[in-house]
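Read the structure below first, then the notes.
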Amino acid sequence: MWRSQLNNDRNYNIEIKDTADHQYAYSFDFDVIHPYMIKSFEPFFKKGSMLELGSFKGDFTRRLLSCFDDVTCVEASGSAIEEAKRKLGDQVDIVNSVFEDVMLPRQYDNIVLTHVLEHLDDPVKVLRRINDEWLAEGGRFFLVCPNANAPSRQIAVKMGLITHNSAVTSAEAEHGHRCTYTLDALERDAVAAGLNVVHRSGIFFKALANFQWDRLLLTDIISKEYLDGCYKLGQQYPDLCSSIFLLCERGSDG
């Protein structure tokens, strides 16, 4: 079922479009990062319901459906929802709204927010709604953001392509990015919203840019064993990962 509650000035349909020099999402995201996100999440999943905040075109949603029968999605882009509905049919309940305004009828045992928080105008406000309104008692919240300190970004700084690790590039700004998180800044915002951070990690050691990975994945240079090695190394060095991951539970004020 698709329900619309959208009322916002930003044009989310434009923000998800590829630009001349930057894609909104890469094959590396879909084929490498998404599976390793699920692998990172699975040991912590609770039985019951799943709320995905920011489902884009349903690619990660489809992976969640392998773990949950009860999935609700909230997505701001109507064009992304149309694509998701073509892929998923009526397997999920999709609400077309921004997180700041959406009204949800219940609480959820699991909530995921992956590569979305950096797009929000007021991230702490949305995290507070997750803690206070949507996360069930005993539930788990899975928060993932691109990592400002990923080696690929640090190399780009040394090359003079970006000014500093946490910079928001012009292409990222066109896609709606408002900030680029480090692990300490991400935890700062989670704690400010009242959430209880119970686990910190990273997902996939990454020294190459996404477009470089996309080219490599078309060759036989990268093996499954190499990818698994990067995933395992990322758990050892979370601050050098493609993405940073916080597992949270409801804080006492929730």
Side-chain angles (χ1 to χ4, degrees), residues 1-6 12 16 25 29-31 33-117 119-120 123 125-145 190 193-199 201 203 243 245-251 254:
M1 182 172 65
W2 174 2
R3 295 175 282 127
S4 180
Q5 301 179 13
L6 193 61
Y12 296 97
I16 66 171
D29 297 307
F30 298 131
D31 300 334
I33 295 300
H34 282 187
Y36 285 121
M37 278 189 194
I38 293 292
K39 187 172 183 176
S40 297
F41 294 173
E42 276 185 317
F44 304 105
F45 278 153
K46 303 278 288 188
K47 289 185 179 179
S49 56
M50 166 61 73
L51 172 65
E52 183 185 19
L53 296 169
S55 53
F56 190 43
K57 297 180 181 180
D59 296 276
F60 194 67
T61 317
R62 187 156 45 192
R63 295 185 185 276
L64 291 173
L65 284 169
S66 67
C67 304
F68 297 93
D69 296 324
D70 180 358
V71 178
T72 300
C73 301
V74 179
E75 170 57 48
S77 168
S79 61
I81 287 176
E82 290 176 3
E83 180 65 25
K85 292 299 292 182
R86 284 193 287 271
K87 294 175 182 176
L88 305 173
D90 293 325
Q91 297 180 81
V92 298
D93 182 13
I94 304 179
V95 181
N96 185 202
S97 180
V98 296
F99 310 140
E100 294 84 351
D101 299 334
V102 67
M103 301 302 296
L104 297 172
R106 56 179 172 136
Q107 294 182 325
Y108 300 85
D109 302 299
N110 303 270
I111 301 176
V112 298
L113 185 73
T114 60
H115 287 204
V116 174
L117 193 70
H119 293 255
L120 303 185
K125 176 181 178 180
V126 173
L127 292 174
R128 189 174 292 116
R129 292 199 74 191
I130 291 169
N131 184 69
D132 295 351
E133 300 177 43
W134 303 329
L135 188 60
E137 189 68 37
R140 297 273 171 77
F141 172 45
F142 303 81
L143 175 61
V144 176
C145 290
L195 288 156
N196 181 25
V197 179
V198 297
H199 176 74
S201 187
I203 298 172
S243 300
F245 164 39
L246 296 182
L247 176 70
C248 304
E249 296 178 345
R250 280 184 77 183

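Just the heavy atoms: all of them, side chains too, but no hydrogens, waters or symmetry mates, feed the values below.
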Ion pair present between [X] and [Y], side-chain N to carboxylate O less than 4.0 angstrom?
X	Y	value
Asp69	Lys47	no
Lys85	Glu82	no
Asp59	Lys87	yes

### Summary
Note: Ser55 and Thr61 closest approach over all heavy atoms is CB-OG1, 3.6 Å

### Message
Using every non-hydrogen atom in the two residues, find where Cys248 and Val197 come nearest and quote the distance to one decimal.
### Response
SG-CG2, 4.0 Å

Kindly indicate whether the side chain of [X], heavy atoms from C-beta on, has any atom under 4.5 Å from the side chain of [Y].
X	Y	answer
Val116	Leu53	no
Leu88	Arg62	yes
Arg106	Ser49	yes
Phe245	His199	yes
Phe99	Leu120	yes

Using distance only, find each side-chain donor-acceptor pair of residues 37-45 under 3.5 Å and give its atom names and separation, not counting sequence neighbours.
from  : atom 1 : to     : atom 2 : distance (Å)
Ser40 : OG     : Tyr36  : O      : 2.9
Ser40 : OG     : Tyr231 : OH     : 3.2

### Message
Using the salt bridge (Lys or Arg N to Asp or Glu O under 4.0 Å) criterion, which residues pair with Arg128? Sequence neighbours excluded.
### Response
none

### Query
Distance-only, no hydrogens or angles: does the Asn110 side chain make a donor-acceptor pair with backbone N or O of Lys46 under 3.5 Å?
yes

### Query
Does Asn96 use its side chain to pair, donor to acceptor, with the backbone of Val74 at less than 3.5 Å?
no

### Task
Walk me through it: do Lys57 and Ile81 pass the test side chain to side chain contact (heavy atoms under 4.5 Å, CB included)?
CA-CA 6 Å; Lys57 297 180 181 180; Ile81 287 176; over 6 Å; no

### Task
Decide if atom NZ of Lys125 counts as having more than 12 heavy atoms of other residues, nucleotides or ligands within a radius under 6.0 Å.
no

## Note on the structure
With Leu143 as partner, the option from Leu127, Val112, Ile111 fulfilling side-chain contact (heavy atoms from CB on, under 4.5 Å) is Leu127

### Query
Atom NE2 in His34, atom CZ in Phe60: separation rounded to 0.5 Å?
6.0 Å

#### Entry: Separation of Glu52 CD from Leu65 CG (nearest 0.5 Å)
9.0 Å

